[in-house]
Protein chains: 2
Amino acid sequence: MHTKNTIILEIFKDIPFSEDESIHIESKLEKLTIKKGDILLNAGKSVNHQYFVSDGCLRTCYTDNSGKEHTIQFAIKNWWISDYTAFFSTTKAVMSIECIQDAVIYKISREDMDALCVEIPQLETFFRKKMEGAFANFQKRILGGLSQSAKERYASFINTYPNIEQSVKNYHIASYLGVTTETLSRIRKELTKD
Amino acid sequence: MHTKNTIILEIFKDIPFSEDESIHIESKLEKLTIKKGDILLNAGKSVNHQYFVSDGCLRTCYTDNSGKEHTIQFAIKNWWISDYTAFFSTTKAVMSIECIQDAVIYKISREDMDALCVEIPQLETFFRKKMEGAFANFQKRILGGLSQSAKERYASFINTYPNIEQSVKNYHIASYLGVTTETLSRIRKELTKD
DNA sequence: CTAGTTTCTTATCATACATCAATTTTTTTA
DNA sequence: TAAAAAAATTGATGTATGATAAGAAACTAG
């Protein structure tokens, strides 16, 4: 009873759910404790869940034809993560979800989420606004990719996500920025000079 | 009365609104007829509307520090367009919206949209799903930027959006793909060889 | 139909970043 | 703490794409 409210509060912050609603939502959330290196989802599989990160760090990762890995998203405390393209469309995953730092997460299925959104309009609003924020971030990232050099993108990344920088390896950041680890290493050397 | 149902049908397809709902929604839509070259929105301004394209072609365009233009989104018939980062957050626009081909569009304000979403849950679901689709497309684009060559991105673009290719200039496409017009020209030459 | 503007193409040269190959540093584990 | 593994760095060289400049082709408007 007490823990119910705790996790609902952590995830949904200041949304004023009724007691019944909170209990109902919580019954659809499953808590998972995972370790660094664990794979939550493999490319090619169906994506039926999204995950709320309570602690730790995960990433979604795309492996291209030539075997190179690309990081689409990092998720730390309070972020949600999934292969949303697949999650929303019921196509198969093109990405995998990998745990980068031991994590505590909560998963919810697409079915449960859709049903809850119909029952509790505030929840639909929550997920819509979350999606809007994520969309805006993706737009900024595309803009950065189109208009900035690798050095500028790195500077922007560590400025925007200082907490993520501390939780991931440089080669993760490189794969997020779209450069090789060698190039990132040279960029970092450059920046310490300034 | 007849026209009301026509435009609601065009925009919202098979959503079964009541007659009252249709009329109410339609009262919040404003029809605009615009010409090639018209600017719907300038960077730096507040973004209070999004636009449904009934006919014609528009783009959102970001001008970077060095004066280069980058195309974030094209919108043809049945697409929505805006600077969504600003639209959703009430920050100022970083992009402008430009009419590329004479167009007929319908605009709706953020306020009206939010209010309608509260009154008509189906509408909130509609906008949420629209956002999910747009999010997925952005994700694919980021993935392409990270993993594909300019040539691959161009091939993928004309394959995915054959209708857009016909409505826009090559330099628009170049600015969407993140290459110079010269590079795009060489790519096109290459591809006709194959 | 002609002149003017816009768009596209071609060529040369420059550069940011990739690739390949070691080597060093850091982290993990026994 | 030593050995092994993982991650980061550095150097030499290659390549895709950018920058600049000029000209050709395709629209547009008088």
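Reckoned from all heavy atoms, side chains included, excluding hydrogens, waters and symmetry mates. So that the names make sense, note that chain A is the first sequence line, chain B the second, and so on, each numbered from 1.
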Q.
Please classify the nucleic acid contact of R188(B) as base, sugar-phosphate, or nothing, using heavy-atom distances under 4.0 Å.
A. sugar-phosphate
(Q) In this structure, is the centre-to-centre distance between the rings of F157(A) and Y176(A) below 6.0 Å? (A) yes
Q.
Please confirm whether the shortest side-chain N or O distance from K151(A) to OP1 or OP2 of dA16(C) is below 4.0 Å.
A. no
**Q.** Selected nucleotide, minimal atom distance to E182(B) side chain, candidates dA7(D), dT20(D), dT10(D)
**A.** dT20(D)
Q: For S185(B), answer base if it contacts any base atom (sugar-phosphate contacts may also be present), sugar-phosphate if it contacts only those atoms, and nothing otherwise; contact means non-hydrogen atoms under 4.0 Å.
A: base
Q) Between Y154(A) (OH) and dA8(D) (P), how many Å, whole number? A) 10 Å
Q | Closest to the Y171(B) side chain, choosing from dT19(C), dA18(C), dC8(C) | A | dC8(C)
Q) Would you say T180(A) reaches dC17(C)'s phosphate, i.e. side-chain N/O to OP1/OP2 under 4.0 Å? A) no
Q | M113(B) and K28(B), any side-chain heavy atoms less than 4.5 Å apart | A | no
Q: Give the rounded distance in Å between these two atoms: CG of L146(A) and P of dA16(C).
A: 19 Å
Q. What is the distance from CG of D64(B) to P of dG18(D), rounded to the nearest Å?
A. 13 Å
Q: Please state how far atom CG in L184(B) lies from atom P in dT10(C), giving the value in whole angstrom units.
A: 12 Å
**Q.** Short side-chain N/O contact from N170(A) to OP1 or OP2 of dA8(D), under 4.0 Å
**A.** yes
Q: Mind calculating the distance between CD (E69(B)) and P (dG18(D)) to the nearest angstrom?
A: 16 Å
Q.
If you assign R186(A) and H172(A) each to the DNA chain D nucleotide with the nearest heavy atom, which residue ends up on the more 5' nucleotide?
A. H172(A)
Q. Whole-Å distance between dT28(C) P and K35(A) NZ?
A. 13 Å
Q.
Between F135(A) and F138(B), is the ring centroid distance below 6.0 Å?
A. yes
Q: Report yes if the side chains of L41(B) and D83(B) come closer than 4.5 Å at any heavy-atom pair, otherwise no.
A: yes
Q: For residues 96-105 of chain A, pull every pair meeting salt bridge (charged side-chain N to carboxylate O under 4.0 Å, His left out), keeping only residues two or more places apart or in separate chains.
A: K35(A)-D102(A), R59(A)-E98(A)
Q: Measure from CG on L177(B) to C1' on dA16(D) and round the result to the nearest Å.
A: 15 Å
Q: Using atom types as modelled and distance alone, determine if a side-chain donor or acceptor of R110(A) lies under 3.5 Å from a backbone N or O of H49(A).
A: no
Q: Nearest whole angstrom, please: distance from the P of dC17(C) to the CD of E190(A).
A: 11 Å
Q | Footprint string (nucleotides 25-30 of chain D, 5' to 3'): B base within contact, S backbone only, - free, heavy atoms under 4.0 Å | A | ------
Q: Measure the shortest side-chain to side-chain distance between T71(B) and Y62(B) over non-hydrogen atoms and say whether it is less than 4.5 angstrom.
A: no
